[in-house]
Amino acid sequence: MTDPDHRVHGLAADEVPPDWPPLTSVELASVLDRYPDLRSPRTIRWHSPRPLSAAALVDTAGGRVFVKRHHHSVRTVATLGEEHAFMAHLRSRGIPVPAVLADVEGGTASALGDWTYEVHAPASGVDVYRETISWTPLRDLDHAHAAGAMLARLHDAAADYAAPQRDTHILVARSELIEATDPVATLEAQLPERPGLAGYLRTRDWRSELAETLAPFHSIAQPRLAQQPLLWTHGDWHVSNLCWSDASPHARITDVLDFGLAARSFALFDLATAIERNAIAWLALDDGHAAHPDTARALIAGYREHRPLDDADLGLLADLLPLVHVDFALSEVEYFHAITRSKEHADVAWDTFLRGHAAWFRTRPGQALLDALRGT
């Protein structure tokens, strides 16, 4: 089954044709030939609806595996290796992360033509939120509590991981701009090494727009953000990246998935990202009930069971939340403009994601959510 009608999640809670063609059995045969125990793929069981790569669950002669394919302009063997090394470290510290399989040459990523591939052992447990669209709020407070606790465990496990920062800005959750005293000047200094982003920004009055976006929040938070201990983090802590023992409210997390956005940032950055991903209905802001402070509180409560957070931490968490998406939003602008070449999507990433999400925190519901975090 190659599923020629395969659709992926769009930017407006819809399903759209994929930017990247779905994996095929013929293609997989070439990839899995590098894995002697996994030759002869029999059935593609499921195509992932996530839009930024192509991925599938595949039954092979050696069992089921998860295969993911990236365009080489998004991920190289080296950049995937950064993710895989972090995953291996966490697994060695007891965090349940599926193994990345090594090929016949001992590598965990391979380049074939324009594509870069990785092959993972299947996750254990139930993928309860497999079809859930990103930025869909998590309404199960027990699951939110468990997710917060697992995130804290991951941060403890990452504490002695000392790898340098990712060597790419494309689709990773970095934090340099919001940590910088002058984000506009910092981004300007990056642009010679980010020609794709520079090309888009030439069409915008970006210095004024970025400064306006950050102005209500950045000067308040930045001095404290710059003092946070650096830590490799997951970067995309939504429950769709977790597997569970079952679908009940009291299920335990059996596996942590998808380290594609992982980078060196800091612990509160990852926790703020978890709140941004799970506690705000970004695709339904107009209904008046976008904020879910109970979900945010449950995430924090679970986190605090393993890592302490004092009042100053909670205050900084609230001040950080309107800024936490900034670096990643710019990476999406770069991706859509330079790689998929969609001006429409790049404009959504700039206007709706980068600027619109920050602006929402100036509204009454946004301010109420930040006040709820400070009072947790």
Side-chain angles (χ1 to χ4, degrees), residues 20 22-48 50 52-125 154 157-173 231-236 241 243 254-264:
W20 308 114
L23 291 159
T24 68
S25 294
V26 172
E27 174 185 13
L28 287 165
S30 297
V31 175
L32 296 178
D33 189 55
R34 300 175 60 86
Y35 300 79
D37 295 335
L38 301 177
R39 291 175 180 167
S40 302
R42 293 193 292 267
T43 306
I44 299 175
R45 288 293 181 185
W46 171 77
H47 289 280
S48 172
R50 306 295 166 186
L52 305 180
S53 60
L57 283 172
V58 183
D59 284 345
T60 77
R64 183 168 293 181
V65 293
F66 179 74
V67 182
K68 193 170 185 179
R69 183 236 286 143
H70 313 262
H71 193 262
H72 68 84
S73 60
V74 180
R75 290 291 182 269
T76 64
V77 169
T79 51
L80 277 183
E82 295 167 348
E83 300 168 22
H84 298 168
F86 182 44
M87 294 166 69
H89 174 87
L90 295 175
R91 195 162 50 249
S92 75
R93 298 297 190 271
I95 302 300
V97 178
V100 187
L101 305 184
D103 64 17
V104 69
E105 296 178 356
T108 58
S110 56
L112 296 173
D114 288 335
W115 308 107
T116 311
Y117 297 86
E118 53 185 322
V119 180
H120 299 244
S124 62
L154 186 150
D160 62 343
Y161 189 68
Q165 180 60 285
R166 299 295 297 267
D167 72 349
T168 182
H169 288 272
I170 298 289
L171 300 181
V172 293
L231 183 78
W232 266 70
T233 55
H234 183 275
D236 192 15
N241 288 326
C243 282
T254 56
D255 266 319
V256 178
L257 311 176
D258 196 353
F259 286 77
L261 274 60
R264 190 175 65 173

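Along the sequence shown, residues carry numbers from 1.
Residues satisfying the ring-ring contact (aromatic ring centres under 6.0 Å, His included) test with His89, not counting sequence neighbours, are Tyr161. Checked against ring-ring contact (aromatic ring centres under 6.0 Å, His included), His72 has no partners two or more places apart in sequence or in another chain. Applying the ring-ring contact (aromatic ring centres under 6.0 Å, His included) test to His70 and every residue at least two apart in sequence or in another chain returns nothing.
Looking only at atom types and distance, the side chain of Asp59 has no donor-acceptor partner in the side chain of Thr43 under 3.5 Å away.
Heavy-atom minimum distance, His234 versus Asp236: ND1-N, 3.1 Å. The two residues Ile44 and Ala56 have their closest heavy-atom pair at CG2-CB, 3.8 Å. The minimum heavy-atom distance linking Ser73 with His71 is given by the pair OG-ND1, 2.7 Å. Residues Ala157 and Leu90 come closest through the heavy atom pair CB-CD2, 3.8 Å. The minimum heavy-atom distance linking Met87 with Pro98 is given by the pair CE-O, 3.9 Å. Residues Ala109 and Leu80 share a closest heavy-atom pair of CB-CD1, 3.8 Å.
In this structure, Asp160 pairs ionically with Arg93, as a charged nitrogen and a carboxylate oxygen lie closer than 4.0 Å.
Between Trp232 and Phe86, the angle of the ring planes lies from 30° to 60°, which puts this pair in the tilted group.
Put simply, NE2 on His84 and CD on Glu118 are 3.5 Å apart, with the number rounded to the nearest 0.5 Å. Taking CG of Asp167 as the start and OG1 of Thr76 as the end, the distance is 6.0 Å to the nearest 0.5 Å. Here Ser30 contributes atom OG and Leu112 contributes atom CG; the two are 7.0 Å apart, rounded to the nearest 0.5 Å. Taken from CG in Leu52 to CH2 in Trp20, the straight-line distance is 9.5 Å, to the nearest 0.5 Å.
Partner of Val119 under the side chain to side chain contact (heavy atoms under 4.5 Å, CB included) criterion, chosen from Leu32, Asp103, Thr108, Val100: Leu32. The one candidate from Arg75, Arg264, Arg166 that meets the salt bridge (charged side-chain N to carboxylate O under 4.0 Å, His left out) condition with Glu82 is Arg166.
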* **Criterion side-chain contact (heavy atoms from CB on, under 4.5 Å) on Val104 and Tyr35, from CA distance to verdict** => CA-CA 6 Å; Val104 69; Tyr35 300 79; over 6 Å; no
* To do: Start with the C-alpha distance between Val65 and Val67, add both sets of side-chain angles, then the distance that settles side-chain contact (heavy atoms from CB on, under 4.5 Å), and finish with yes or no.
  => CA-CA 6 Å; Val65 293; Val67 182; 3.9 Å; yes
* **Derivation of the side-chain contact (heavy atoms from CB on, under 4.5 Å) call for Tyr117 and Leu23** => CA-CA 11 Å; Tyr117 297 86; Leu23 291 159; 4.1 Å; yes
* To do: Would you sort out whether Leu38 and Leu101 count as a side-chain contact (heavy atoms from CB on, under 4.5 Å), showing the intermediate values?
  => CA-CA 10 Å; Leu38 301 177; Leu101 305 184; 3.6 Å; yes
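Leu257 places a side-chain heavy atom less than 4.5 Å from the side chain of Cys243. Residues Val172 and Ile170 have side chains not in contact (no heavy-atom distance under 4.5 Å, counting atoms from C-beta outward).
In this structure a side-chain-to-backbone donor-acceptor pair under 3.5 Å is missing from Arg69 to Thr116.
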